[in-house]
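Just so you know, ligand 1 is whichever comes first in the structure, and atom 1 is the first atom listed for that ligand.
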Amino acid sequence: MSSLLSFSSSCPHPSVTRGISSLPLFSWNTASPYVSFLSHFLKNAFPLPFLHSLLPQHSDYGCLTLLNMDESTQALQARNTQGAWIFADPIPGTLLVNIGDMLSRWSNGKFKSTPHRVLPAVGKARISIPFFFEPNLDTLVVPLRECENYARAHGKIYSSVLFADHLRSKVTNNFSFLEPSPTATPLTGSKVHTVDGKGSERH
Ligand SMILES: O=C(O)CCC(=O)C(=O)O
Ligand SMILES: [Fe+2]
């Protein structure tokens, strides 16, 4: 964590720096690593095909993922720009860092949230421990105006999104076999915390 904070203070873009340093480390959102750890533990400790189908190819939802990989197995793959799946082999003593959808959207697509997947480590227990660094649920992520030229040159301008809405749609798609309840309470609240391209924040 201390290296993440020093990354934040040496990050050249003031808005990104401010955004990263103001991300809530101890809000209830920090429960997600524990939930994820549990699902990883189940999936990896009992390498059954059914449990592995819980983690299809996906990109991570938030800003950054720090992944402490199991160094004894080869299972994590990322999709490269040619569409080929390549193994992301663990490098001893390092963390793997994934860019998430919110950093991608914030930078108008300049930083890519890479699709990845986990193949079954057949007959072998595997433990990988992710830490998901995410915005608060009520954060409206507004693409940075400074990155609009990049987005135009690549033919895609991103719209703003409330993190809660993005999270809901990702979870619904990744776990589509769990029918969402039609009476579910909307996550979208009236209090919206905005981080915009000018580096200012509104409530
Ligand atoms: O199990 C792994 O190594 C990666 C898992 C992953 O991609 C995730 O939890 O988002
Ligand atoms: Fe992931």
Side-chain angles (χ1 to χ4, degrees), residues 1 3-4 7 20 23-25 27-107 109-137 139 141 158 161 163-178 180 187:
M1 183 54 67
S3 46
L4 188 60
F7 162 73
I20 289 175
L23 286 172
L25 301 183
S27 73
W28 73 265
N29 246 10
T30 51
S32 71
Y34 304 110
V35 174
S36 172
F37 175 76
L38 185 63
S39 94
H40 273 260
F41 177 75
L42 289 173
K43 176 167 59 65
N44 293 315
F46 306 101
L48 303 171
F50 164 72
L51 290 172
H52 277 275
S53 70
L54 284 176
L55 192 71
Q57 62 165 291
H58 64 285
S59 52
D60 290 347
Y61 316 157
C63 291
L64 288 174
T65 304
L66 305 182
L67 188 63
N68 188 357
M69 298 171 81
D70 185 330
E71 291 173 9
S72 67
T73 58
Q74 205 190 32
L76 179 64
Q77 290 190 320
R79 205 172 67 208
N80 69 14
T81 46
Q82 282 81 49
W85 287 102
I86 51 169
F87 278 105
D89 286 336
I91 301 172
T94 66
L95 297 173
L96 182 137
V97 180
N98 263 334
I99 289 173
D101 298 335
M102 292 302 94
L103 200 52
S104 192
R105 189 172 289 247
W106 205 4
S107 66
K110 200 164 182 177
F111 296 132
K112 314 264 180 271
S113 51
T114 312
H116 52 280
R117 67 183 184 188
V118 180
L119 300 184
V122 178
K124 194 168 188 314
R126 172 178 180 273
I127 296 185
S128 73
I129 305 170
F131 176 83
F132 297 109
F133 203 53
E134 298 178 341
N136 263 340
L137 290 174
T139 297
V141 178
Y158 286 76
V161 72
F163 181 58
D165 292 341
H166 180 71
L167 189 61
R168 165 168 283 180
S169 86
K170 291 285 288 212
V171 171
T172 305
N173 290 335
N174 283 356
F175 298 89
S176 49
F177 57 92
L178 299 171
L187 287 173

Exercise for review: Side-chain contact test, heavy atoms from C-beta onward, threshold under 4.5 Å: evaluate it for D89 versus Q74 and give yes or no.
Suggested key: yes
Check your understanding: Between D60 and ligand 1, is there a nitrogen or oxygen pair with a distance under 3.5 Å?
Key -> yes
Point to revise | Numbered atoms and elements of ligand 1 in range of F132, under 4.0 angstrom, heavy atoms | key: 8 (C), 9 (O), 10 (O)
Practice item. Test Q57 against every option in H116, Q77, R79 by the side chain to side chain contact (heavy atoms under 4.5 Å, CB included) rule and name the one that passes. Key: R79
Check your understanding: For the residue pair I91 and E71, what are the closest heavy atoms and their distance?
Key -> O-OE2, 4.3 Å
Review point. Can you tell me how far the OG atom of S107 sits from the NZ atom of K112, to the nearest 0.5 Å?
Key: 7.5 Å
Check your understanding: Out of the N/O/S atoms in H116, what is the name of the one closest to the Fe ion (ligand 2)?
Key -> NE2
Practice item. Look at ligand 1 and say whether M69 reaches it with a heavy atom at a distance under 4.0 Å. Key: no
**Study point:** Identity of the N, O or S atom of D60 lying closest to the Fe ion (ligand 2)
**Key:** OD1
Point to revise | For the Fe ion (ligand 2): the N/O/S atom of H58 at shortest distance | key: NE2
Practice item. Considering the heavy atoms of S128, write down every atom of ligand 1 situated less than 4.0 Å from one of them. Key: 1 (O), 2 (C), 3 (O)
Practice item. Apply side chain to side chain contact (heavy atoms under 4.5 Å, CB included) to F133 and L66, showing your working. Key: CA-CA 8 Å; F133 203 53; L66 305 182; 6.0 Å; no
Practice item. Please examine the side chains of D101 and V161, heavy atoms only from C-beta on, and report whether any two atoms are closer than 4.5 Å. Key: no
Check your understanding: So which bit of N98 gets within less than 4.0 Å of ligand 1, heavy atoms only: side chain, backbone, both or neither?
Key -> neither
Point to revise | Non-hydrogen atom of H58 closer than 4.0 Å to ligand 1 | key: yes
Check your understanding: For V97, does its backbone N or O pair with a side-chain atom of T65 as donor and acceptor, under 3.5 Å?
Key -> no
